[in-house]
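Computed from heavy atoms alone, side chains included, the values below leave out hydrogens, waters and symmetry copies. Throughout, residue positions are numbered sequentially from 1 according to the sequence presented.
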Amino acid sequence: MNIIWLGHSCFVAESAGWRVVLDPYYVETYPALRVEADEALCSHGHRDHAFLEAVTLSGRDKSESPFTVETVSTFHDDKKGSLRGENAIHILRAEGMTLVHCGDLGHELSGEQLAPLRGCDALLIPVGGFYTIDAETARRVADAIAPRVIVPMHYRHGSHGYDVIATVEDFLRLYPADEVHCLDGSSFELTPDAPRGVIVPKFMG
C-alpha cells in the first residue's frame, strides 16, 4: 500500500491501482490542491477537510476497490461536538494491512472507540492542537492504539498551515530520535516490514 501526503490532513492511499483521497482541503496558506482519485473520503464537512472541488474522480465503480472502509464516530472537540461538531475516523483495509485516518479528532478515545483501531499498521493523527488534539494528547491516543507506524498531520510548517496550530516538532520531541524517520519525499510504501516509529513525509507542493 502506497501512502502519499498532500499537505494538511490530506493523504492518498493506493492499492492495486485504486486511489483513495482522504480529507482534501482548501487552506489559504497552501497551494491550490488538485488530485485525481477513484474515491474520496472526508472526516467532516469543514472546507479544509472536505473540499471535493479539488478532486477529479475517475468514475470507476466502487466494487472495483481493494479497500474495505469503516468509520468510528468521534467529535471535533472535547465538548462532545458542541464547539465544532462530529468527526469520523476512517479505517481502510487492503493487502492485509490497516490504515487509520483520524480526521480532526478533538479528544481522547473511549474503549469502544479504540477497539477497532488497536494494533493498526499506520495511524494518521492530528498533532497541532487548537482545532484538534495537541501533541501530548496525540501521543496518549497513539499509545492507546499502538500502531506500527505513526504519521503526524494537521500541523503548521513554514508558511503552510494555520497560525494558531503548533509545528510538528512538539510531537516529535515526545519520541526518541531513532524512532523518528523524516522522509525526503511525500510518499512511503506501507508493508509488513515497514520500520516501527514515526514517519514524517515531506510536503512537495
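Contact check on Asp38 versus Arg60 returns a salt bridge, with a Lys/Arg side-chain nitrogen under 4.0 Å from an Asp/Glu carboxylate oxygen.
Every residue meeting the side chain to side chain donor-acceptor pair (under 3.5 Å) condition with Ser15, not counting sequence neighbours, appears here in chain and number order: Glu95. For Tyr175, the ring pair (Phe, Tyr, Trp, His ring centres under 6.0 Å) partners are Phe171, not counting sequence neighbours. Not counting sequence neighbours, the partners of Ser110 by the side chain to side chain donor-acceptor pair (under 3.5 Å) test are Gln113. With sequence neighbours excluded, the residues forming a side chain to side chain donor-acceptor pair (under 3.5 Å) with Asp48 are His8, listed by chain and number. Annotation: side chain to side chain donor-acceptor pair (under 3.5 Å) contacts of His157 (sequence neighbours excluded): Tyr30.
When atom types are taken as modelled, the side chain of Arg93 and the backbone of Thr68 share no donor-acceptor pair closer than 3.5 angstrom.
Annotation: His49 is not in aromatic contact with His101 [ring centroid separation under 6.0 Å not met].
Here the side chains of Leu114 and Ile145 are in contact, with some heavy-atom distance below 4.5 Å. A 4.5 Å side-chain heavy-atom check between Arg19 and Ile4 finds at least one atom pair inside the cut-off. Side-chain contact check for Val151 versus Phe188: some heavy-atom pair is nearer than 4.5 Å. Using a 4.5 Å heavy-atom cutoff, the side chains of Val100 and Val72 are not in contact. Side-chain contact check for Asp143 versus Arg140: every heavy-atom pair is 4.5 Å or farther apart.
Among residue pairs with one or both ends in residues 178-197, none qualify as side-chain hydrogen bond (donor to acceptor under 3.5 Å, both in side chains); sequence neighbours excluded.
Nearest heavy atoms, Gly96 versus Asp121: O-OD2, 4.3 Å.
For the residue pair Glu64 and Trp18, no side-chain donor N or O sits within less than 3.5 Å of a side-chain acceptor on the partner. For the 3.5 Å distance criterion, the side chains of Asn87 and His76 fail to qualify, holding no donor opposite an acceptor.
The cluster map of Ile, Leu, Val, Met, Phe, Trp and Tyr, joined by side-chain heavy atoms under 4.5 Å apart, puts Phe51 and Leu124 in different clusters.
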#### Entry: side chain to side chain contact (heavy atoms under 4.5 Å, CB included) evaluation trace for Ile3 with Leu99
CA-CA 9 Å; Ile3 311 298; Leu99 173 71; 3.9 Å; yes

